[in-house]
Student: 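Below are the structure tokens for one structure; questions will follow.
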Protein chains: 2
Amino acid sequence: MSHATHITAGSVVLAELRRAIATGELAPGQQLVQESLAERFGVSRVPLREALQVLEAEGQVVHQVHRGYFITELSLPDLIEVYRLRAVLEAEAARVAVPLLTDDDVEALAELAARIEDASEAGEVGAMIEANRAFHFTLIDAAAMPRLSRLVASLWDATDVYRSVYYGSATNRERVDHEHASIMAAIRNRNATTLIGELDAHREHAVAELASLVL
Amino acid sequence: MSHATHITAGSVVLAELRRAIATGELAPGQQLVQESLAERFGVSRVPLREALQVLEAEGQVVHQVHRGYFITELSLPDLIEVYRLRAVLEAEAARVAVPLLTDDDVEALAELAARIEDASEAGEVGAMIEANRAFHFTLIDAAAMPRLSRLVASLWDATDVYRSVYYGSATNRERVDHEHASIMAAIRNRNATTLIGELDAHREHAVAELASLVL
DNA sequence: GGTTCAAGGATTGTATCCAATCCTGAGTAG
DNA sequence: CTACTCAGGATTGGATACAATCCTTGAACC
């Protein structure tokens, strides 16, 4: 009741910051000067700091006392760690979710997969990223483990910087479409083991591609 | 570096709040009235809210816009989810850590296990809880996966409320000592599979005991 | 030339103050 | 008696103002 209804200045700033980080508008390593950002968003420093503290707890920014906030720089080992943790947690989610999937869930997943493909062919990177996230989190949320969903979400957020780069490539987009088809097949068969294998491969390709970019 | 040196009002309040939550001084479900708490800690509401926002990001408190912060109530499903996530993540940590363990690490772990036992026999619950946490996180940190350590730490924090209850019982303390002995044996043998099994059993006993208390 | 040190401004941390929202309870109508 | 309404106080969200810290810059000294 109070989630969508009450938009607070802090939540607006938080969303804006998230977007700016995801698009690379705020580059890794860059200092976030509070007064400039506050002015840019048209708020005071208080709600801005609110948002920054949330991002710090998620690992999106780092904080040094009396020095300020900086966008976290993701090293290659960091990237690998994030994807390894995702593998562990998303496998658990899949294991729990598969037996719980209703036909409606499968239907919704198929629809999202189609939407991803449309965006992919049209080259609409932003739309594809959004639909892709919805697709994967529909599956993860189906496990009905809210904390698990939150943990995985924060891991996704950590690599948001690179996502637009990854989907910028048409070959990557095409591969993703094929992988999603395999994932959907495993979901339709209610085969958790196969599904986990497909998800692992899906992630492996992404991390391999990203690793070559980070270097 | 900058952790111990720069004590900010917010960090002091955060530590105090953590302690108060862990000891049950602040009970689950209770509202946290900002002005009262600020006065109690001798700071203004600004750094207090800072601390509360951090705790919210960790799931220790929940927030409702214009209504305030409340200590999270952990339902039985929540408790089970936390322990299931710990199982998944700590297993991964053990898998990674075992091949990396130096003799010094094993030495340190043995020492901590001894310290736990001493505290256990003396009935010093606080000291036991602290040493126990150090013991388990020495192992987890040995995996050299900082994000993993942070995630697991936040899961531990989520059930801090119940830890003092659990260790309040002498039979529980005794069982924990035995389990730690088995865990140490697996560590000494560098046997990750056995270790994970022992850790799982260790956790299972705890969650079973806590479940009976929560009801 | 390189190093040390002290202003001064720039930036962050905190307190105080105001605005917006919520909660309570008395009163009223049905 | 119950349900509704609407002040008034209580509490939170946010802005402004002040204090503490840091970072630069330039001059003095070796």
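None of these values were measured; they are calculated from a predicted model. Quick note on labels: first sequence line is chain A, next is B, and so on, each numbered from 1.
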Student: Could you state the CD-C1' distance from B:Glu56 to D:dG13, rounded to the nearest angstrom?
Tutor: 14 Å

Student: Taking for each residue the nucleotide of DNA chain D with the nearest heavy atom, is it B:Val33 or A:Arg67 whose nucleotide lies nearer the 5' end?
Tutor: B:Val33

Student: For residues 110-125 of chain A, tabulate all N or O donor-acceptor pairs below 3.5 Å that involve a side-chain atom, not counting sequence neighbours.
Tutor:
from, atom 1, to, atom 2, distance (Å)
A:Ser120, OG, A:Asp177, OD2, 2.8

Student: Quick check on contacts: within residues 13-20 of chain B, what sits under 4.0 Å from DNA chain D by heavy-atom distance?
Tutor: none

Student: Testing the basics here: between A:Asp157 and A:Gln60, what is the closest heavy-atom pair and its distance to 0.1 Å?
Tutor: O-OE1, 2.8 Å

Student: Considering all heavy atoms of both residues, which atom of A:His6 and which atom of B:Val65 are nearest to each other, and what is their separation?
Tutor: CB-CG1, 3.9 Å

Student: Rounding to an integer number of Å, can you tell me how far A:Glu35 CD sits from D:dA15 C1'?
Tutor: 12 Å

Student: Residues from residues 37-53 of chain B sitting under 4.0 Å of DNA chain C, heavy atoms only?
Tutor: B:Val43, B:Ser44, B:Val46, B:Pro47

Student: Under 4.0 Å between a Lys/Arg side-chain N and an Asp/Glu carboxylate O for B:Glu16 and B:Arg19?
Tutor: yes

Student: Could you state the CD1-P distance from A:Ile7 to D:dG14, rounded to the nearest angstrom?
Tutor: 11 Å

Student: What's the verdict on side-chain hydrogen bond (donor to acceptor under 3.5 Å, both in side chains) for A:Asp105 and A:Thr102, showing C-alpha distance, side-chain angles and the deciding distance?
Tutor: CA-CA 5 Å; A:Asp105 289 332; A:Thr102 65; 3.1 Å; yes

Student: Would you indicate whether the side-chain heavy atoms of B:Gln30 and B:Glu25 approach each other to under 4.5 Å?
Tutor: no

Student: What pairs meet the salt bridge (Lys or Arg N to Asp or Glu O under 4.0 Å) rule with one or both residues in residues 55-77 of chain B, with sequence neighbours excluded?
Tutor: B:Arg18-B:Glu58

Student: What range of DNA chain C does chain B touch, first nucleotide to last, counting atoms under 4.0 Å from its heavy atoms?
Tutor: C:dG13 to C:dC23

Student: Taking OP1 and OP2 of D:dT12, is either one under 4.0 Å from a side-chain nitrogen or oxygen of B:Gln64?
Tutor: no

Student: Decide whether a cation-pi geometry holds between B:Arg163 and B:Tyr166; the criteria are a distance under 6.0 Å from NZ or CZ to the six-membered ring centre and an angle within 45° of the ring axis.
Tutor: no

Student: Taking side chain as C-beta onward, heavy atoms only, is B:Phe135 less than 4.5 Å from B:Leu139?
Tutor: no

Student: For B:Glu92, is there an ion pair with A:Arg84 - N to carboxylate O distance below 4.0 angstrom?
Tutor: yes

Student: Should A:Pro146 and B:Glu81 count as side-chain neighbours, where that means a heavy-atom distance under 4.5 Å?
Tutor: yes

Student: Return one dot-bracket line describing DNA chain D 5' to 3' (Watson-Crick or G-U wobble pairs, both distances under 3.5 Å; ( ) same strand, [ ] crossing, | another strand, . none).
Tutor: ||||||||||||||||||||||||||||||

Student: Let me see the working for B:Arg203 and B:Asp200 under side chain to side chain contact (heavy atoms under 4.5 Å, CB included), right down to the final yes or no.
Tutor: CA-CA 5 Å; B:Arg203 250 179 264 107; B:Asp200 283 344; 2.8 Å; yes

Student: Check the phosphate of D:dG13 against A:His6, side-chain N and O only, distance under 4.0 Å to OP1 or OP2. Yes or no?
Tutor: no

Student: If every non-hydrogen atom of B:Val161 is compared with every non-hydrogen atom of B:Ser164, which pair is closest and at what distance?
Tutor: O-OG, 3.8 Å

